[in-house]
Number of protein chains: 4
Amino acid sequence: MMRKLDPVKHEEKRQQILQAASRCFMRDGFRGASTSNICAEAKISPGHLYHYFSSKEAIVRAMAESRLAQAAEHLGTTARGPDVVTAFLEVIESGVGVREPSANALMLDLLAESARNPAVGGILRENHREMRTLLADLLRTGQERGQIDLTLDPDVATSILVSFVDGAKAMMIRDPDLNPAKSIEMLKTAISRFLRAPAVANSE
Amino acid sequence: MMRKLDPVKHEEKRQQILQAASRCFMRDGFRGASTSNICAEAKISPGHLYHYFSSKEAIVRAMAESRLAQAAEHLGTTARGPDVVTAFLEVIESGVGVREPSANALMLDLLAESARNPAVGGILRENHREMRTLLADLLRTGQERGQIDLTLDPDVATSILVSFVDGAKAMMIRDPDLNPAKSIEMLKTAISRFLRAPAVANSE
Amino acid sequence: MMRKLDPVKHEEKRQQILQAASRCFMRDGFRGASTSNICAEAKISPGHLYHYFSSKEAIVRAMAESRLAQAAEHLGTTARGPDVVTAFLEVIESGVGVREPSANALMLDLLAESARNPAVGGILRENHREMRTLLADLLRTGQERGQIDLTLDPDVATSILVSFVDGAKAMMIRDPDLNPAKSIEMLKTAISRFLRAPAVANSE
Amino acid sequence: MMRKLDPVKHEEKRQQILQAASRCFMRDGFRGASTSNICAEAKISPGHLYHYFSSKEAIVRAMAESRLAQAAEHLGTTARGPDVVTAFLEVIESGVGVREPSANALMLDLLAESARNPAVGGILRENHREMRTLLADLLRTGQERGQIDLTLDPDVATSILVSFVDGAKAMMIRDPDLNPAKSIEMLKTAISRFLRAPAVANSE
DNA sequence: CATGAATGAGCTTTCATTCAT
DNA sequence: CATGAATGAAAGCTCATTCAT
């Protein structure tokens with residue numbers, strides 16, 4: 001009795017539940033997935049869920065946090081290398097879940113939810129700010145090295161780059177029969193042309 | 001004589017309900033909005049809704065159809081003018097609902113729904129196919145006139161351009177405090193550089 | 001304007017609607033069939049139904065009345081001939097809707113409804129009384145002619161005979177793969193033995 | 001230790017609910033009784049019903065199953081004794097719910113439902129098959145002992161006997177003021193004459 | 001820690017009925 | 001006569017959440 005047992009195990013279970021929830025959310029969306037679904041998937045009883053999360057919304061929040069943190073971390077480890085443009089291209093390529101339509105759908109769900117659910121919105125924005133800081137620094141480095149157009153405002157350009165990833169996710173849903181290799185290739189072309197210092201005699 | 005009372009009025013009411021539904025969906029999403037909400041918004045009784053739509057899903061479908069048709073039509077009327085690149089820029093600019101976060105959220109909801117709801121998915125894809133045909137033709141015209149890079153595959157480039165619009169909608173949600181003018185400007189730069197024939201001596 | 005037009009046509013339409021209702025009730029039962037179903041089947045508008053019947057219950061009542069009257073009339077015309085037992089056998093044979101499972105189901109529905117719905121119950125009982133009077137008279141005739149066992153109380157025996165018809169209807173539902181010819185034959189045997197004067201030296 | 005809390009209690013509650021449902025169905029019929037009625041009668045909340053039954057239809061099915069099994073079991077224990085005809089008479093007498101009009105109505109409802117609802121129909125037929133097997137065996141025994149007419153096909157005669165019970169239930173509804181003792185007595189006469197070996201010099 | 005019984009509000013949908021035209 | 005728009009109660013069912021054990 002009365003054992004304050006193992007906060008480690010507690011956290012482990014929490015993560016397991018979160019992963020189960022993630023699978024449910026991917027399959028059915030935030031609203032479509034029920035706590036029953038999640039409990040079944042996590043193999044726990046309906047009541048027990050509330051030992052780990054105070055409400056369904058708390059799960060959604062935690063999910064958003066973890067997904068976004070993960071995305072940011074992924075980005076942080078990818079965005080490396082001597083050539084900054086190449087680094088960006090890699091970021092974009094790996095950011096688009098080429099053959100994970102449900103993961104893409106979940107991100108769109110999350111964005112839609114953000115526009116309506118202040119808590120989730122806050123998480124998203126905070127995370128976005130971090131990502132942008134990270135990317136903007138990388139951009140500036142590229143500009144210093146002459147690899148990237150000096151006229152681009154790093155902060156704004158960064159938003160655009162992130163939007164390209166979101167847009168590519170949407171693209172995969174809009175046309176699932178699309179040849180993803182070709183599309184990604186062309187997206188990389190677009191980004192290349194966007195970031196690189198324009199040629200001398202270009203008439204824009 | 002003069003019996004068959006007014007299929008016109010019927011259609012009018014249907015549209016009114018659809019608009020009410022649209023407002024609800026923008027506010028709460030497809031799943032979050034209830035038929036009760038919609039009826040209240042449309043000021044009709046709960047039973048009467050089913051005089052006009054056979055199910056909530058039918059409303060969602062009709063909504064998706066009308067929204068997407070509207071978007072396509074808007075695009076059709078916007079994509080005109082002597083300079084094709086300029087036409088595209090206008091398309092993009094007007095395509096992004098700069099200060100309509102709920103409309104943007106609805107589109108993302110629709111995309112997420114498309115990935116899970118086959119009926120909605122079918123509508124989205126059919127519509128997307130039409131839009132791409134239209135845009136691809138415009139692109140080819142531009143290529144004939146030498147305004148657009150001949151090396152771009154029109155079909156793939158079109159998908160990319162559409163993805164930019166979707167991405168921009170996401171951007172507005174990710175960072176509502178963004179200066180939209182600046183972002184749009186930079187997006188236009190990106191598109192310009194993407195589409196225009198690259199300068200002679202450019203080293204990519 | 002202001003024409004008190006044709007009570008004949010009115011009655012005709014009423015009968016048409018009643019027949020349509022009959023079809024619906026056979027298909028779906030009294031509770032399962034909706035006024036919409038009936039209107040669709042009768043090809044009239046939902047509101048117009050109430051020109052002919054004041055409520056769904058009124059339709060059910062009229063239906064019960066017409067069905068039962070029909071059954072009684074049918075019985076009246078069948079129960080004829082020199083040999084009374086033969087006449088009864090014919091009554092029974094034609095009373096069982098051998099290959100009309102939905103008509104049989106409807107009769108059982110009507111009986112169940114009778115036990116709960118006083119109005120329908122009253123109709124059923126009134127009708128049953130009439131039928132029994134008719135059959136009891138026939139029975140008495142048979143007894144006078146020495147064709148039927150004199151020890152049978154005509155009133156009670158009549159109830160039993162009617163119950164045999166109801167039971168046969170249930171039998172058709174209980175076992176649809178039954179050979180109806182054989183069953184009917186055996187039922188007739190049972191009735192014969194029941195009605196006929198028992199042989200002299202029989203040891204019961 | 002001692003976890004897995006009581007599948008016994010679960011089953012108990014299930015039976016309680018089933019009995020409550022039974023009362024409702026008797027009062028209002030399968031279609032007339034609502035899940036709300038049943039919940040109120042069982043003193044549980046509307047949602048909780050679905051902890052024990054997956055749908056209203058599942059309740060109807062379980063009810064049909066239990067009622068019919070009960071009837072069959074009852075029959076099995078009644079159909080005993082040295083004289084087979086007497087055994088049959090007892091079966092019939094106890095099979096007719098003389099003073100339980102609502103139970104009789106429920107059986108007719110069940111038969112009507114069987115003709116339309118395939119699930120219920122299947123249950124009824126399976127049960128009927130079992131009952132007939134049992135009764136047919138008894139009949140054959142009687143034939144071996146010379147108590148029952150050898151010319152009767154046991155399978156067909158069995159169907160007839162069951163139909164007599166169903167018919168008697170209908171009789172109770174058709175004429176509630178009937179003297180049940182007299183009717184049952186006459187029904188028993190009919191069955192006696194039907195089953196017994198006919199006397200030598202009988203002229204059929 | 002963990003279960004699953006229990007709740008009650010709310011969901012989508014159907015239905016008998018009324019009424020303006 | 002006839003239509004079909006309109007109503008509102010009620011149906012079957014789901015869901016997030018709580019609580020006794």
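Residue numbers begin at 1 in each chain, while the letters A, B, ... track the order of the sequences. The structure presented is a predicted model; accordingly, all values stated were derived computationally and were not measured.
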> Closest nucleotide of DNA chain F for K13(C) versus for S36(D): which of these residues is on the 5' side?
Replying inline: K13(C)
> Are F30(D) and L110(D) close enough that some pair of their side-chain heavy atoms sits under 4.5 Å apart?
Replying inline: yes
> According to a 3.5 Å limit on both distances, what stems of 3 or more consecutive Watson-Crick or G-U pairs are formed with DNA chain F?
Replying inline: E:2-21 with F:2-21
> Taking side chain as C-beta onward, heavy atoms only, is M63(A) less than 4.5 Å from S22(A)?
Replying inline: yes
> Taking only residues two or more places apart in sequence or in another chain, which ones pass side-chain hydrogen bond (donor to acceptor under 3.5 Å, both in side chains) with E12(A)?
Replying inline: none
> Looking only at side-chain N and O atoms, does S34(B) come under 4.0 Å of OP1 or OP2 in dC11(E)?
Replying inline: yes
> At their closest point, which heavy atom of G29(C) faces which heavy atom of D109(C), and how far apart are they?
Replying inline: CA-OD2, 3.1 Å
> Going by distance alone, is a donor N or O of one side chain under 3.5 Å from an acceptor N or O of the other, for Q19(B) and Q15(B)?
Replying inline: no
> Are OP1 or OP2 of dA5(E) and a side-chain N or O of H10(D) less than 4.0 angstrom apart?
Replying inline: yes
> Taking side chain as C-beta onward, heavy atoms only, is V60(A) less than 4.5 Å from F25(A)?
Replying inline: yes
> To the nearest Å, how far apart are E12(B) CD and dA6(F) C1'?
Replying inline: 17 Å
> Separation of Q16(A) atom CD from dA2(E) atom P, in whole Å?
Replying inline: 10 Å
> What heavy-atom pair brings C24(A) and E41(A) nearest, and what distance separates the two atoms?
Replying inline: SG-CB, 3.7 Å
> Any side-chain heavy atom of R14(C) sitting closer than 4.5 Å to one from F53(C)?
Replying inline: yes
>> Distance check needed: dT14(E) P versus I38(C) CD1, whole Å only.
In response: 17 Å
> Given atom NZ of K9(D) and atom C1' of dA6(E), what is their separation to the nearest angstrom?
Replying inline: 14 Å
> Could you give the CZ-to-P distance, from R14(D) to dA5(E), as a whole number of Å?
Replying inline: 12 Å
>> I need the CG-P distance between D28(D) and dA11(F), as an integer number of Å.
In response: 10 Å
> Think T35(A) has a side-chain N or O under 4.0 angstrom from the OP1 or OP2 of dA16(F)?
Replying inline: yes
> In residues 43-62 of chain B, what residues come within less than 4.0 Å of DNA chain F, judged by heavy atoms?
Replying inline: I44(B), S45(B), G47(B), H48(B), H51(B), Y52(B)
> Do I173(B) and R125(A) have side chains that get closer than 4.5 Å, going by heavy atoms?
Replying inline: no
>> Whole angstroms only, please: what is the CZ-P distance between R31(D) and dT14(E)?
In response: 15 Å
> Taking CG from N37(B) and C1' from dT12(E), how many angstroms apart are they, rounded to a whole number?
Replying inline: 12 Å
